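Reviewing the structure listed below.
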2 protein chains.
Amino acid sequence: MSDLLERLRRRGWRMTAQRRVIAQILDGDHVHLTADEVHTRAARLLPEISRATVYNTLGELVVLGEVAEVTVDGRAKRYDPNTRRPHHHLVCTRCGTIRDVHPTGDPLTRLPADRRLGFTVATADIVYRGLCPDCGVGSTA
Amino acid sequence: MSDLLERLRRRGWRMTAQRRVIAQILDGDHVHLTADEVHTRAARLLPEISRATVYNTLGELVVLGEVAEVTVDGRAKRYDPNTRRPHHHLVCTRCGTIRDVHPTGDPLTRLPADRRLGFTVATADIVYRGLCPDCGVGSTA
DNA sequence: TCTTGACTTGGACTGTGTCCATCGTAGGAT
DNA sequence: ATCCTACGATGGACACAGTCCAAGTCAAGA
C-alpha cells in the first residue's frame, strides 16, 4: 500500500490535497478506520475537508480495489487498506477491537459445488468473534 | 422454531398480541427479514404495532438465542430464525438474495491457536458472495 | 376484580451515509 | 506563465436504520 499515491496517479487520478491526505491516512498502520475516523484525522491536516469528500474518496478507493470495506456489525463500515494478501477478521465482542487473521486453507474449498445452490461463488469473508487478550477470562477491565 | 411461543411462555414472557404476531412471522419460512419488513408484515395483522416494539422484541429474541442477527452489508440487519443448526450465508452481489449454506467442516479448526492472536475465539460467521442462478453468467435480467 | 409492573406507543433524537447545486482548482493547452 | 474547463470539493438538506423516553395500557397473579 506504500505507493498508493503513485498508483493512483498512474490511474489518472487528479491529485488534490484532499485525496493526498486521505491516502496518507490509509497508508499508515491505522487499520480498520471508519469513514468518520478518517474524516477526523484528515481534518487535523486539512481543516475544511468535507465529509462528502471523504465518503466519495473512500468509495472510489474501494472500487479501485485499493481498500476493502469491512462490515462486522450493523454500525459504520470500516476501511481496510490491507488488500495485498487475503485475510479475515477477528473481532472482540467486548471492546470491539478488530484484528486481521490468516486461517489455514481456502474457505471456498469447504463449499463444494453441490452445496452452492446454483450460485457462482466468488469470495468468502469470515468474521471470527471472541474475547481479545485484554478482555479475556479473568479480566475485570 | 415451531414452538417458539411455547418456549417463550416457559421463559416467563408476558404474552402480548404484539409478541405473538412477531413470533408468528418469524416462525414462517420468511427468512432473513429486516426489522422494517417484520414491522410491515406485523402491521398487516396488528395495524397499530410500533416500530419500537418490533425492535425491542427482535432484540430480546436475539438475546434469548431464538433468532440470529445477520449483517451482510452496511444496510439493515436481518433476522434469521434458523438457529437450530449452524449455517452460514450466501449472498448474491447483484440482487441481494440471501440463502443459508452448510459448508463442510468447522471453520474454527482452520484457525489454530497460534493464529488467534491471544483471542478466545467463540464463533465464526462466513459470508460467501457471488451470483445466484437468476443473476449468473448469461443473464440479462 | 383489582393491582401492579412489565410492555407498548409515538415522537424526538442520533449516527451513518447519500445527494445535489454551486464553487474551486489541477493539469493540459497555448 | 496564463488560461480553460472538466473533474473534484463543499456544505447543507435529506434518507435510512436504529435508540430513547415519558406516558399510557394491559397480562396475569393475588
Side-chain angles (χ1 to χ4, degrees), chain A residues 4-6 8-25 32-64 66-80 96 98, chain B residues 5-6 8-25 32-43 45-64 66-80 96 98:
Chain A
L4 175 57
L5 284 172
E6 192 44 46
L8 294 176
R9 201 185 313 270
R10 275 200 293 271
R11 299 222 210 188
W13 255 34
R14 185 180 284 195
M15 261 310 139
T16 67
Q18 292 83 349
R19 288 175 167 183
R20 251 189 296 271
V21 163
I22 292 170
Q24 273 172 37
I25 287 165
H32 306 124
L33 298 175
T34 64
D36 207 58
E37 286 163 353
V38 172
H39 180 241
T40 301
R41 287 168 195 255
R44 291 209 273 267
L45 302 167
L46 199 65
E48 329 71 28
I49 193 171
S50 71
R51 292 190 328 119
T53 295
V54 172
Y55 278 103
N56 288 341
T57 304
L58 289 173
E60 287 157 7
L61 289 169
V62 169
V63 169
L64 293 180
E66 293 288 349
V67 306
E69 270 181 0
V70 182
T71 306
V72 296
D73 55 12
R75 320 280 306 199
K77 287 176 191 165
R78 294 178 172 277
Y79 293 87
D80 184 347
I98 303 175
Chain B
L5 284 171
E6 193 45 44
L8 294 175
R9 203 186 312 270
R10 275 200 293 272
R11 299 222 211 190
W13 256 33
R14 184 179 284 193
M15 261 308 139
T16 68
Q18 292 82 351
R19 287 174 168 182
R20 251 189 297 271
V21 164
I22 292 170
Q24 273 173 36
I25 287 165
H32 306 125
L33 298 175
T34 64
D36 208 57
E37 286 162 353
V38 172
H39 179 240
T40 299
R41 287 168 193 256
L45 302 168
L46 199 64
E48 329 71 31
I49 193 170
S50 71
R51 293 192 328 122
T53 295
V54 173
Y55 278 104
N56 288 341
T57 305
L58 289 173
E60 287 156 8
L61 288 169
V62 169
V63 169
L64 293 180
E66 293 288 351
V67 306
E69 269 180 3
V70 182
T71 306
V72 296
D73 55 12
R75 321 280 305 200
K77 288 175 190 164
R78 294 176 173 277
Y79 293 88
D80 184 346
I98 303 175

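Reminder, nothing fancy here: chain letters follow the sequence lines and each chain counts from 1. Bear in mind the structure is a predicted one, so any value in this text is a computation, not a measurement.
Nearest nucleotide to the side chain of B/R19, out of C/dC7, D/dA9, D/dT10: C/dC7.
Contact of the B/T71 side chain with the A/D73 side chain is not registered, since no non-hydrogen atoms from C-beta on lie closer than 4.5 Å. Between B/E66 and B/R11, some side-chain heavy-atom pair lies under the 4.5 Å cut-off. Side-chain contact between B/L64 and B/W13 is present, with heavy atoms from C-beta onward closer than 4.5 Å. Side-chain contact between B/R19 and B/V21: absent, with no pair of heavy atoms (C-beta onward) separated by less than 4.5 Å. Counting heavy atoms from C-beta outward, A/T57 and A/L61 have side chains that approach closer than 4.5 Å.
Distance CG (A/D36) to C1' (C/dG17): 11 Å, rounded to an integer number of Å. Atom CE in B/M15 sits roughly 8 Å away from atom P in D/dA28 (whole-Å rounding). At whole-Å resolution of the value, CG in B/D73 and P in C/dT16 are 16 Å apart. In this structure, CZ of B/R20 is placed 14 Å from C1' of C/dT8, rounded to the nearest angstrom. As a whole-Å value, the separation of A/I49 CD1 from C/dG24 C1' is 15 Å. Between the P atom of D/dA28 and the CH2 atom of B/W13 lies a distance of 12 Å, rounded to the nearest Å. Rounded to whole Å, atom C1' of C/dC23 lies 14 Å from atom CD of A/E48. In this entry the distance linking CZ of B/R11 with P of D/dA27 reads 22 Å, nearest Å.
Each of B/A17 and B/T34 was assigned the nucleotide of DNA chain D with the nearest heavy atom; the assignment lying further toward the 5' end belongs to B/T34. Residues B/L46 and A/A35 both approach DNA chain C. Their nearest nucleotides, taken by heavy-atom distance, put B/L46 toward the 5′ side.
Remark: B/Y55 is not in phosphate contact with D/dT19, judged by side-chain N or O atoms under 4.0 Å from OP1 or OP2. One finds a side-chain N or O of B/Q18 lying less than 4.0 angstrom from the OP1 or OP2 phosphate oxygen of C/dT9.
Under 3.5 Å, the side chain of B/R51 and the base of D/dG18 form at least one donor-acceptor pair of N or O atoms. Counting atom types as modelled, A/R75 pairs no side-chain N or O with a base atom of C/dG15 as donor and acceptor under 3.5 Å. At a cut-off of 3.5 angstrom, the base of C/dC7 holds no donor-acceptor pair with the side chain of B/R14.
B/T16 comes within contact range of the sugar-phosphate backbone alone, with a heavy-atom separation under 4.0 Å but no base atom that close. Base engagement by B/A52 is indicated by at least one non-hydrogen atom pair under 4.0 Å involving a base atom.
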